[in-house]
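Below: one structure, written as C-alpha cells.
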Amino acid sequence: MIVFLSVSFLFLTPPGSKIRLFLADTFIATQHREWAWIFVGVKKRDEMIQNVQQMSENNAIEKQDLNAITIQKQDGKVIDVEDIAGRGWVGKKMVVYDPRAIRVVVPSKVGQGETISSMVNRTGALAGINGGGFDDPQGLGNGFAPIGVIMSGGKILYTSVDGTVPQQVVAFDHTGKLIIGKYSIDELLALHVTDAVSFYPRIIANGKALPIVGDGLNPRTAIGQRADGVIVMIVIDGRQTKSIGASLKDVQDLLLKEGCVNAGFLDGGASSEMVVGRDLITHPSSRYGERRLPSGLLIFEHPDQVNVVNVWEGVSDIDPGGAYDNPGYLAEHNQLNNK
C-alpha cells in the first residue's frame, strides 16, 4: 500500500511531477545519468540531457575580456578558509589572494590517479582542491584517464585532441588571470596559459550570470575570480544526511555574491574535496573515501619552484580502471565473501 501511494503521488500529482524532475536533474549530473529515465522516461531524459549539454556549449562561447581583471600585488597570507552553508548543504570556501600561487598538479605514478591529500603532502602545498574530469567506469575509475586537456607550468601534459579543436577549460594565464570557456590548445598557448584542466559548465562570464539549466542537488567544486584577481574556491558536500548537495544556481549565486566576474565548475560528485595542510576539511561522498584523481589545483608559497612531471609521457595505452581494480570496492567485496 505504501509503495502504491508513493508511486501514485510521484506520477499522478503536480508536486510529484516536480519531485521526479528534480530527481532526474540530480541523476543527470552524475555518472549514472542513464537511470534518470526511471523518473521521467527515456524521451524526457534524453531531452533533459541534451538541454544540459547545450547549456554548457552556449555558456562557453563568449570570450573573456582579460582587461577586466587587474591582478593586485599581494603581501601577507596566501589563503583564507571558512565554513559556508545554504539550504540543505554545507561546505568550505577558500580565498586565494594571489592567483599565481595556484598550480595544476598531476599523479606521480603511471597507471593510477592520486588523492588530493597525497598530492598536497607530496608536494608541500599549502592546500588543494580537485581538478578536471576523467573517464570513470562505474564510478570506480582509477583516475588515470583524463578528459580534455591538462597543462602545468606552461607544458601540455595531456590532451585527447589536436591543438586546433576547442575544449572546455578552466585555466590560468601567466599573470594569474582565470580563463574559463571553450578554447583550443593553440588559443591557450597564444593567451600564454600555463595551467589548465577541463570541466564545465561556465556560470559567470565577464561579470554576467549565464543561463542555467537543471536544479539537481549534488556535491560541487567551483572556482571564480574577482576583478582584483582574487580567486574564490568552493567545495560543497553532498549525498549525505547533513548536506544533500547544492544546485548549479546555488553556486552561481554564491560566487556572484563573492564578487566573481568569471566562474565555472570543476569535477564534482564523489571527486569534490578540499585539503588544507594535512587535513581533509570536506567530506567526499565516495563510500571509499578520497578518490584517485588525474589533476588537482594546489596552492603554493613558492609556485615557481614546483616541478610537475608528465606522468602520461610515453604512455600509449591508458586504462581507466573500474570495479576490477578499485581498492575500496575490492576490499569491501572480499570482506563480504569472507563472512
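In what follows, every heavy atom counts, from backbone to side chain, and hydrogens, waters and symmetry copies are set aside. Throughout, residue positions are numbered sequentially from 1 according to the sequence presented.
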Exercise for review: Apply side-chain contact (heavy atoms from CB on, under 4.5 Å) to the pair Val110 and Phe144, showing each step before the final yes or no.
Suggested key: CA-CA 8 Å; Val110 174; Phe144 193 68; 4.1 Å; yes

Review point. Is Glu62 paired with Arg202 through a side-chain N to carboxylate O contact shorter than 4.0 Å?
Key: no

Review point. Can you check whether Arg278's main-chain N or O pairs, donor with acceptor, with Asn121's side chain at less than 3.5 Å?
Key: no

Check your understanding: Looking only at heavy atoms, what is the nearest atom pair of Val308 and Val104, with distance?
Key -> CG2-O, 3.5 Å

Under 3.5 Å, sequence neighbours excluded: what are the donor-acceptor pairs made by side chains of residues 82-90?
residue	atom	partner	partner atom	Å
Asp83	OD1	Lys92	NZ	2.2

Point to revise | Donor-acceptor contact below 3.5 Å, side chain Asp98 vs main chain Arg100 | key: yes

Check your understanding: Would Asp250 and Arg220 pass as an ion pair if we require N to O under 4.0 Å?
Key -> no

Check your understanding: Looking only at heavy atoms, which two atoms of Cys260 and Ile204 are closest? And how far apart?
Key -> O-CG2, 3.7 Å

Point to revise | side chain to side chain donor-acceptor pair (under 3.5 Å) contacts in which one or both residues fall within residues 308-319, not counting sequence neighbours | key: Asp319-Tyr324

**Study point:** Worked check of side-chain hydrogen bond (donor to acceptor under 3.5 Å, both in side chains) between Thr164 and Asp162
**Key:** CA-CA 6 Å; Thr164 65; Asp162 70 43; 2.6 Å; yes

Check your understanding: How about Lys109: does its NZ atom have over 12 heavy atoms from other parts shown lying under 6.0 Å from it?
Key -> no

Practice item. Report yes or no: does Lys182 contribute a side-chain atom to a donor-acceptor pair with the main-chain N or O of Lys63 at less than 3.5 Å? Key: no

**Study point:** Other ILVMFWY residues reachable from Leu66 by side-chain steps of under 4.5 Å
**Key:** Val149, Met151, Ile156, Val169, Ile179, Tyr183, Ile185, Leu188, Leu189, Leu191, Val193

Review point. Looking only at heavy atoms, which two atoms of Gln168 and Ser56 are closest? And how far apart?
Key: NE2-O, 3.3 Å

Review point. Do the side chains of Leu210 and Met55 join up, straight or via other hydrophobic residues, at under 4.5 Å, putting them in one cluster?
Key: no

Review point. Just checking, is any N or O donor in the side chain of Glu290 or Ser117 under 3.5 Å from an acceptor N or O on the other one?
Key: yes

**Study point:** Ser184 versus Asp186, side-chain donor and acceptor atoms under 3.5 Å
**Key:** no

Check your understanding: If Ile, Leu, Val, Met, Phe, Trp and Tyr residues are connected whenever their side-chain heavy atoms lie under 4.5 Å apart, and connections chain through other members, are Ile180 and Tyr200 in the same group?
Key -> no

Check your understanding: Do you know the tightest heavy-atom contact between Pro107 and Pro294?
Key -> CD-O, 3.1 Å

Exercise for review: Return yes if some donor-acceptor pair links the side-chain N/O of Gln240 with the main-chain N/O of His283 below 3.5 Å, else return no.
Suggested key: yes

Practice item. State, to 0.1 Å, how close Ser272 and Thr221 come at their nearest heavy-atom pair, and which atoms those are. Key: OG-OG1, 2.9 Å

Check your understanding: Between Glu34 and Arg45, does at least one N-O distance fall below 4.0 Å, as a salt bridge requires?
Key -> no

Check your understanding: Taking the six-membered ring for Trp, are Phe27 and Phe39 parallel (under 30°), tilted (30 to 60°) or perpendicular (over 60°)?
Key -> tilted

Review point. Is the shortest side-chain N to carboxylate O distance from Lys249 to Asp253 below 4.0 Å?
Key: yes

